[in-house]
Every structure is written in structure tokens, then in C-alpha cells.
Protein chains: 2
Amino acid sequence: MTDDVMTISEMCAAFEVTPRTLRFYESKELLSPIRKGQKRLFTRRDRARLTLILRGKRFGFSLEDIRQLLDLYHLGDQQRTQMQRTLAVARERLEEMRRKHAELETAIEELSQQISTGEQALARTAADEPEA
Amino acid sequence: MTDDVMTISEMCAAFEVTPRTLRFYESKELLSPIRKGQKRLFTRRDRARLTLILRGKRFGFSLEDIRQLLDLYHLGDQQRTQMQRTLAVARERLEEMRRKHAELETAIEELSQQISTGEQALARTAADEPEA
DNA sequence: AGATAAGTTGACGTTGACGTAAGCATAACG
DNA sequence: CGTTATGCTTACGTCAACGTCAACTTATCT
């Protein structure tokens, strides 16, 4: 790590993704590593963005959804109206995430309930068969 | 609604999905509507399952993930060992959902923070341009 | 110089989750 | 009885998100 940048293979190891994935994300303008000659060098900014990308994916957001959200994290170099649009998108996503959060809580309770019901059913039949 | 079953178009209206989607889910054994002649009739059980399917999708679970989870909701007609496997899968999913829940909370806080930072930046430049 | 490793750019393949279009059945309506 | 609505099956198309070569460059080691 000469400076503060990482090669593609270091990135792959650190984030458990393939080179193809990183190049793909770059082609979709989710990442923008600098170039030293041909080689890509990923900065701290790229790492921060990749963290957000992978997190977003875990919640079922599309890459396009995520791309829009990412803009929020480099606000400043934007025009007023563009910034307002970005903020609007972000507020919508935030609402969506809050809904998901609440819904996930319900789902967790339900599944948890189902599991203990299942466990009890298992326990009742356990008397028949002795332990292996 | 003669009895307690719904036609495919009633289902589509109720859940905002297309017929194609319902037939597709049936082909993947996520739903199993009864047949009256050719026509599909969706029972309360199908509706309950579809609710869980759509919920699962919102959290980024694949249809195959969901199919395994759904088995938990008709436990009883299963063998002991099969039931144990199902419970094991369910516990894993539950853990995954708990992780997501916590992570989502973090993400919400972060995004919320970014938004207010953005709003403040907007407010500071607001003095320049008068209201439209 | 030769070989090996790490990386690059196309370009085509694949998988999941449906969309879409064609052709046929059947029931109800006028 | 024709047609309109609703639904069915079969099959090919599509889009996102990568995977998988193939062929080439660039740096490094011996």
C-alpha cells in the first residue's frame, strides 16, 4: 500500500468480490478508480462507496437505485437544483428503508414464532425415538 | 368469491402482480392453487404464502431461499429429519434477518445524517437565490 | 531473454425473474 | 350462434448482474 490506494486484487480480497464485479461497477459509474497507466487504483473514496454498494445490495436495492443514492455522498460539487433532486431521492430511499426496517421486525417476530412452534412439535415426538 | 378461493385476476388485483408472475411461482412450487377444470383457484393458504413471498423479495431473498422458508409454514406433514433440516434453514434465515435489521438501522442513521448535512448546505446557499 | 504474475479490454454465456406473443379452451352475453 | 372476456399452455425474449473465456500488455523475477 504505497499511498492509500489499493490494487484490484487487494480490493477483491478485502471485500470478497471478483475483479469482474469491480470492473462492472466501474462501467456502471458506481466506482471511479484512478489509473496508473492501465491499472486501476482504488482510493478510500472507492472503498467507502463499495461498502455502501454492497450494503445496498443486501437490502434488495438495484445498482441503479444505489448509484443515485451514492451521489448524496459527494454532494458539494453539485448545482442547487441537482442537489435538491438528489435530496428528494434520498428522502424517498430513507422512507423505503424505514418501511423495510419495520416490516423486517414483523417478519423476524413471525419467523421466530414459527420456529419455536416447530421446535415444540419436534420435542413432542422426541419421546418416541431414542437418541442416536 | 363463491367460497374462499380467488381467481387469478382477483389475486393480481389484490397483490399487484401479473398472471405471469403467479403462474411462474406455481411452476417453482411456491404456490399450489387448486384446479377447477383448467382454471386456477387460489386458497387462503396461497394468499398467505404469496404475502410471505413478496415480503421475502423486498429483502433481497431469492425465490429459492423463500421456497425453503415457506416449508416451515406447513410443518407437520414432514418427517423428523426433514423437519430438523427445515428448522436449521429457518434459524439461519432468522439470523440473517437479524443481521440485516441491525445493519439497516445503521444505514438509516447514516443516510439520515447525510440528508440533514445536505439540507444545511442547501440552506446556506439559499440566501443567494431568492424564491421562485 | 524467458517465464510468471497481475492486470487489461472485448465479447459472448448464464442465471433469475419475469414479459410477451401465439394459439386454443370455455363460459357468459346479446 | 358469433364474440367478448377470462384463462390456459408453450415457447421465445429481455434485463440485470455478473461469469467465463481469449488475446494482449506490463512489471518482476531469475
Problem set entry | Donor-acceptor pair under 3.5 Å, A/R23 side chain vs C/dT8 base | no

For this session: Using atom CZ of B/R35 as one end and atom P of D/dT9 as the other, report the distance to the nearest whole Å.
Result: 5 Å

Problem set entry | Validation row: A/D46, A/S32 side chains within 4.5 angstrom (heavy atoms) | yes

Problem set entry | Candidate nucleotides C/dT8, D/dG7, C/dG19, ranked by approach to the side chain of B/I8 - the nearest | D/dG7

Exercise. Just how far, in rounded Å, is P of C/dA17 from CG of B/L63?
Worked result: 4 Å

Problem set entry | Phosphate contact (D/dA17 OP1 or OP2) by A/Y25 side-chain N/O below 4.0 Å | no

Exercise. Can you check the B/K36 NZ to C/dA25 P distance for me, whole Å?
Worked result: 20 Å

Exercise. Within a radius of less than 6.0 Å around CZ of B/R35, do more than 12 heavy atoms belonging to other residues, nucleotides or ligands occur?
Worked result: yes

Exercise. So do B/T81 and B/Q84 actually touch side chain to side chain, heavy atoms under 4.5 Å?
Worked result: yes

Seminar exercise, completed: Rounded to whole Å, CG of B/L31 lies from C1' of C/dC18 at a distance of 14 Å

Exercise. OP1 or OP2 of C/dA17 sitting under 4.0 Å from any side-chain N/O of B/T21?
Worked result: no

Problem set entry | A/T18 side-chain N/O to D/dC18 phosphate OP1/OP2 under 4.0 Å | no

For this session: To the nearest Å, give me how far apart CD1 (A/I66) and P (D/dA16) are.
Result: 14 Å

For this session: Let me know, please, whether B/E26 or A/K28 comes out on the 5' side of the other along DNA chain D by nearest nucleotide.
Result: B/E26

Problem set entry | Lys NZ or Arg CZ of B/K100 over B/F61 ring: under 6.0 Å, within 45° | yes

Exercise. Rounded to the Å, how far apart are A/K57 NZ and D/dA16 C1'?
Worked result: 9 Å

Exercise. So, does the side chain of A/R20 form a donor-acceptor pair with the base of D/dT20 at under 3.5 Å?
Worked result: yes

Exercise. Quick one: are A/I115 and A/E119 in side-chain contact, heavy atoms under 4.5 Å?
Worked result: yes

Seminar exercise, completed: B/R40 atom CZ is separated from D/dT9 atom C1', nearest whole Å, by 9 Å

Problem set entry | Rounded interatomic separation in angstrom, taking CZ from A/R67 and P from D/dA16 | 13 Å

